[in-house]
Amino acid sequence: MKDIKEIGEPVYSSGLENIYFSETKLSYIDGENGRLYYMGIPIEELANNSTFEETAYLMLYQKLPTLSELEEFTKKLKENRDIPEILLKEEELIPKNAHPMDVLRTIVSFVGMLDENAMSKKEDEIVEKSIKLTAILPTITAYFHRLRNNLEIVRPDPNLNHAGNFLYMLRGEKPSDIEIDIFDKTLILYIEHGMNASTFSAIITASTQSDIYSAIVSAIGTLKGPLHGGANEEAMKMLFEIDRNYNGDVEAYLKDKISKKERIMGFGHRVYKAYDPRARILKDLALKLADFTNNRKWVDMQIELEEKAGPILGEKKIYPNVDYYAASIYYMLGIPFDLYTSIFAIARVVGWCAHVLEYWKIGGRLLRPREKYVGELNIPYLNIEQRR
Ligand code: CMC
């Protein structure tokens with residue numbers, strides 16, 4: 001790979017589009033053909049055959065686990081699910097109207113502060129910290145949701161898998177197998193996605209040799225934005241807006257937004273110039289869940305919007321992305337809008353940790369891009385009385 005020292009003149013790329021700064025084996029996005037691979041395995045195969053736990057192992061250890069490795073990994077995840085009392089107390093103090101992503105960012109920061117060994121760069125210790133982070137993000141989210149609704153917290157259930165346990169802690173009742181299965185698949189699809197903005201944030205922090213918790217806090221803050229992970233929450237709000245303010249008239253909504261040059265949430269991607277393969281899988285899952293819940297209203301609205309948007313946005317190679325159908329799936333699972341991005345984080349924490357691990361392992365350099373200076377030079381300094 002070319003080193004910057006060999007390049008000479010800096011390369012200018014608005015939004016860092018199409019820039020490589022490192023190498024990875026974790027995932028590959030073939031944006032032209034709408035294909036995605038984790039460790040070389042097509043995403044469709046993982047969504048069909050794997051589980052969140054197994055795919056998380058695949059990312060953190062860069063190989064599929066044997067049966068005993070998977071059992072050991074799953075056991076560790078379960079053992080690490082609950083949070084220390086001091087964190088629960090902290091969560092009780094948080095204002096009930098706080099955004100769950102802000103809560104996640106705050107509590108993960110607290111977790112890092114409690115770890116006296118936070119700065120360790122030993123590979124096995126980073127893996128252990130990654131497992132701990134993966135295990136507690138659902139708990140932090142579910143506890144806060146129960147607390148803000150004045151409900152008793154529900155402790156993790158070791159008999160349930162990662163996906164089922166989160167739904168159980170959130171709702172207080174055991175979810176059905178089909179709900180667990182569909183939710184599990186959404187987590188697999190959210191686990192990893194190359195050098196997206198939040199992973200990049202994590203890597204920038206990690207590149208300074210800071211600690212993994214700080215890297216994850218950086219990533220959570222970045223994921224929150226509506227152009228990134230916040231889009232799943234916005235996509236569901238959009239469907240409600242169509243229903244309430246446009247009387248369900250998808251075409252009127254679309255015309256209105258396009259004429260105002262506003263974005264359709266859950267559409268478009270920096271890398272995919274074809275249909276996002278995750279959206280294709282999620283669309284099928286949304287239809288399955290709609291049949292199960294006997295309510296096709298939202299998914300039908302989405303399909304209509306996709307069809308009507310096709311001729312307009314398709315010209316610019318803008319198609320539904322992962323957040324589009326994830327939104328209606330989470331809604332049908334009875335999850336409030338403002339938790340959707342936290343769910344994205346609950347899954348993506350694996351990708352963040354895997355990238356930090358990999359970057360440290362390959363001795364990744366300090367990340368330090370440049371901005372092209374466009375101001376004037378040699379401007380004389382004016383005393384304050386001389387300024388206007
Ligand atoms: N609806 C309407 N127009 C769009 C959209 C959209 N969702 N996305 C891009 N465009 C248009 C944009 O207006 C611009 O048009 P023009 O050239 O006429 O000015 C053109 O497409 C290029 O847009 P861009 O902002 O330069 O493209 P980008 O690569 O920087 O943006 C994006 C990628 C994801 C930020 C953008 O597509 C977007 O804002 N989508 C909506 C938010 C969303 O769904 N985000 C989730 C992304 S996938 C999950 C994740 O990784 O977080």
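Only a predicted model underlies this, so the values are computations on that prediction, with no experimental measurement involved. When a residue number appears, it is its place in the shown sequence, counting from 1. In each ligand, atom 1 is the first atom listed, and ligand 1 is the first ligand listed.
Taking every non-hydrogen atom of Gly266 and a distance limit under 4.0 Å, the qualifying atoms of ligand 1 come out as 43 (C), 44 (O). Near Val322, the atoms of ligand 1 lying under 4.0 angstrom from a non-hydrogen atom of the residue are 49 (C). Numbered from 1 in the order shown, with element, the atoms of ligand 1 that lie under 4.0 Å from a heavy atom of Met265 read 42 (C). Taking every non-hydrogen atom of Ala231 and a distance limit under 4.0 Å, the qualifying atoms of ligand 1 come out as 43 (C), 44 (O), 45 (N), 46 (C). Ligand-side atoms of ligand 1 in range of Leu313: 2 (C), range being under 4.0 angstrom from any heavy atom. The ligand atoms of ligand 1 that sit less than 4.0 angstrom from a heavy atom of His228 are 46 (C), 50 (C), 51 (O), 52 (O). For ligand 1, the atoms closer than 4.0 angstrom to any heavy atom of Gly229 are 52 (O).
Closest approach of Glu152 to Arg146, counting heavy atoms only: O-NE, 2.9 Å.
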(message) Checking Thr74 against Glu53 for the side chain to side chain donor-acceptor pair (under 3.5 Å) test, could you report, in this order, the C-alpha distance in whole Å, the side-chain angles of both residues, the deciding distance, and whether it holds?
(response) CA-CA 6 Å; Thr74 305; Glu53 287 83 348; 5.5 Å; no

(request) Show your reasoning for whether side chain to side chain donor-acceptor pair (under 3.5 Å) applies to Thr205 and Ser214. (result) CA-CA 7 Å; Thr205 304; Ser214 300; over 6 Å; no

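Between Phe337 and Tyr330, the gap from one ring centroid to the other reaches at least 6.0 Å. Between Tyr325 and Trp298, the distance separating the two ring centers is not shorter than 6.0 angstrom. The aromatic ring centres of His145 and Phe166 sit 6.0 Å or more apart.
Scanning Lys257, Glu234, Arg263, Arg270 for the heavy atom closest to atom 24 (P) of ligand 1 points to Arg263. Considering only non-hydrogen atoms, atom 11 (C) of ligand 1 lies nearest to Ile318 out of Thr222, Val271, Ile318, Ile312.
Side chain of Asn321 to main chain of Gly268: a donor-acceptor pair is present (N/O by atom type, distance under 3.5 Å, no hydrogens or angles).
By the definition of a contact as any protein heavy atom under 4.0 Å away, atom 22 (C) of ligand 1 is not in contact. Within the 4.0 Å cut-off (strictly below), no protein heavy atom is located near atom 19 (O) of ligand 1. For atom 1 (N) of ligand 1, the nearest protein heavy atom lies closer than 4.0 Å.
Ring geometry for Tyr319 against Tyr275 counts as tilted: the plane angle lies between 30° and 60°, on a 0 to 90° scale.
Judged by a 6.0 Å distance limit and a 45° cone about the ring axis, Arg280 is not positioned over the six-membered ring of Tyr324.
By the 4.0 Å heavy-atom criterion, Ile264 is counted among the residues contacting ligand 1. For the pair Lys316 and ligand 1, a heavy-atom separation below 4.0 Å is found.
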